[in-house]
Amino acid sequence: MESGRTTLLKEQQLKDQFDNLEKHTQSGIEFVERYTKFVKERSEIEINYAKQIRNLSKKYQPKKNSKEEEENKYTSCRAFLSTLNELNDYAGQHEVIAENLTSQIITELLRYLTELKAERKSHFHDGRKAQQHIECSWKQLESSKRRFERDCKEADRAQQYFERMDADINVTKADVEKARQQAQMRHQMAADSKSEYSNFLTKFNQEQNEHYYTLIPNIFQKLQEMEERRIERVGVSMKTYAEVDREVLPIVGKCLDGMTKAAESIEPKTDSKQVVESYKSGFEPPGDVEFEDYGPGQSMKRTVSETSLSNSRGEAKERPSGGKSKGKLWPFIKNKNKSPKQNKEPLSNRFNEFMASKPKMTCLRSLRRGSRLLSLKLGSGPEDFSHLPPEQRRKKLQAKIDDLNKDIQKEMDQKDALTKMKGVYEKNPQMGDPASVDPRIVEMAMNIEKLQSEVQKFEGWLAEVEGRLPSKSDPPRRQSGLYETQNSNSSTVANNCAQDRESPDGSYTEEQSSETQVKVAVANTPEFDDEFDDGDEETLPTIGTCKAIYQFEGHNEGTISVTEGELLYVIEEDKGDGWTRVRRNEEEEGYVPTSYVEVFLETNAKGAMTYI
């Protein structure tokens, strides 16, 4: 009994040891994960730092065709440029640190963590398996022991019962024989249980000995070796962490030496000589000013030195404003040639009045109908989208320009790719013929030029739309082709006037030729008879009636919505384009699809023709 209690106590202690080891090894894994996270964050810091350093270096690089690029002739500017280049290389070393940290530490530790977790899981699985096996053996031993004890008690009771039956004279011989057989059977069962218990006990003792002296020590030894390898691996990683920084120190030192050398190359005297060479005028100093005697009998004529400062100013005042100054200019003196005052009314005011005046432009009824029907056809219209309202036209033009720019970029990318391919073919003729790429490159260049011209064209139309401010009080009108022609002519005149208003010397003047051009443009503007005035359209007579056989929602400009079964007046029949002009009352009229109505023309209009 005491032996059983000792065994149970040892099993409990062993289980507690496994729990302690499991907690400790889990803590070690978490430490490795924590250190890996630390190195990863350090790598991200290095990457961000290198990125910011590169952006800083790029930000202060001199821009092309700028004042900063012109200042590179000075040693201080060149030194600063060298410092920026060295700083860019310095940022590259921080990128190297980040790459080495990732490849030599982070990647390796992540892979090692996976292996460590799998190994730890395997060892604890073996330990639990061994513990479960010894517990199972102990339970079997206890079960066989209890069975043996029970059979022994049953055998004793059977023996006592047989002895009572045998001593009783009133019991028959058959009952005594039966009791004797029962006692013998119980004794046999007790002997079998004893043998089984003895076998289980021997087996358990062997397994227990192997469990405590072989299996568990081996598992603990493996866990100890695993933990030592983990600690050693962390130490190696920490050493690598320091070596990664130490490896780039020589190159970082060279970058800093380059900055120092650039700073030492600055020569103030050389820079000052550059300034002198850039701004020196080469003029001789003015001569002495002669004495001017204004006494009695003296001439009032001033005799001034040719090289005097006042002489230069006097000549500048006497020289006509249109010519160029040939006198010598001195530092800190500004030569201001003021243009003559404009006494005449500026041409711009006349031109603005001409453009603001409402032109008497009308068109024939057929042209009006054509412009209306053009806006009704979905998916078709003028290339400049003039059939649309201003805002919609602006959006369409902008979208078209964006699409063209995308096409241009695509063509340029393809052209660059073909150019590189041609270069590869020229270096390695066995890969292909360079001449075979030339036609495609030429074709793409022509496509790019064509697309660019298209962009310019649409940008011109877009500028025209954005510069035009329609009045809200004006009723919506459909612009005809003649009105657009007039606008284009006016734009041409405006461009010509703007070019002629600037004189060769840069002053703003007015020329008679500009006024003549404006007058000629006004004289050449087409006008129509008073019959086609720009006022409201005359009311068209009714030529028949119609009945709507389908419902039509007129969303486009110039259309009218009708409901099924509605009766309307026909004021203009279908001209072959599929639209009929109808009127609901004196103010509501518009176009409807001819196939949506049943038309009844009057006899005097079309000979009593009826059609659907």
Side-chain angles (χ1 to χ4, degrees), residues 358 361-396 399 465 468 470-484 528-612:
K358 190 174 182 180
M361 283 295 163
T362 58
C363 57
L364 297 176
R365 189 173 299 158
S366 60
L367 293 178
R368 287 172 179 164
R369 174 185 176 86
S371 64
R372 292 189 183 99
L373 295 180
L374 183 62
S375 64
L376 300 178
K377 295 181 180 180
L378 301 176
S380 62
E383 187 180 10
D384 59 352
F385 304 107
S386 59
H387 64 291
L388 298 176
E391 183 62 22
Q392 296 182 15
R393 183 185 180 193
R394 184 188 66 79
K395 292 180 180 179
K396 288 285 186 179
V465 173
R468 185 179 301 170
S471 177
K472 295 183 179 179
S473 59
D474 295 339
R477 301 185 44 171
R478 304 178 185 89
Q479 302 296 337
S480 64
L482 293 177
Y483 189 72
E484 294 172 1
F528 295 93
D529 297 333
D530 294 337
E531 179 183 358
F532 306 103
D533 195 8
D534 194 44
D536 297 336
E537 298 179 9
E538 62 180 2
T539 304
L540 296 177
T542 301
I543 61 174
T545 59
C546 67
K547 179 181 179 182
I549 58 178
Y550 303 105
Q551 183 177 357
F552 174 69
E553 298 290 340
H555 296 296
N556 294 332
E557 182 184 2
T559 61
I560 184 173
S561 59
V562 296
T563 59
E564 183 178 357
E566 183 180 1
L567 296 177
L568 302 167
Y569 296 99
V570 179
I571 59 176
E572 191 172 354
E573 62 176 332
D574 189 356
K575 301 297 184 180
D577 49 20
W579 296 88
T580 300
R581 190 174 182 183
V582 298
R583 178 187 298 148
R584 178 179 286 111
N585 48 45
E586 293 297 327
E587 296 181 355
E588 291 188 81
E589 63 180 47
Y591 289 91
V592 296
T594 306
S595 59
Y596 278 53
V597 295
E598 183 178 6
V599 181
F600 304 94
L601 297 180
E602 296 178 357
T603 306
N604 56 1
K606 286 293 179 180
M609 180 183 297
T610 302
Y611 64 95
I612 296 176

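The residues of the chain are indexed from 1 along the displayed sequence.
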Checklist entry - Would Val599 and Glu573 count as a side-chain contact (heavy atoms from CB on, under 4.5 Å) if you check the C-alpha gap in whole Å, the side-chain angles of each, and the deciding distance to 0.1 Å? => result CA-CA 9 Å; Val599 181; Glu573 62 176 332; over 6 Å; no
Item to check | Stepwise side-chain contact (heavy atoms from CB on, under 4.5 Å) test for Thr580 and Val570 | outcome: CA-CA 8 Å; Thr580 300; Val570 179; 4.0 Å; yes
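Taking every heavy atom of both residues into account, Val562 and Ala548 meet most closely at CG2-CB, 4.1 Å. Looking at every heavy atom in both residues, Thr542 comes nearest to Arg583 through OG1-NH1, 3.9 Å. Closest of all the heavy-atom pairs between Glu553 and Ser561 is CA-CB, 4.2 Å. Nearest heavy atoms, Thr594 versus Asp574: OG1-OD2, 3.0 Å. Minimum interatomic distance between Cys546 and Val582 (heavy atoms only, all atoms of both residues): SG-CG1, 3.8 Å.
Note that CG of Leu568 is 13.5 Å distant from CZ of Arg581, once rounded to the nearest 0.5 Å. Going from atom OH of Tyr591 over to atom OG1 of Thr559 covers 11.5 Å, rounded to the nearest 0.5 Å. Distance check, rounded to the nearest 0.5 Å: CD1 of Ile560 to CZ of Arg584 gives 4.0 Å. Note that CG of Leu540 is 15.5 Å distant from OH of Tyr569, once rounded to the nearest 0.5 Å.
Between the side chain of Glu566 and the backbone N or O of Thr563 there is at least one donor-acceptor pair closer than 3.5 Å.
Contact check for Trp579 versus Pro593: side-chain heavy atoms found under the 4.5 Å cut-off.
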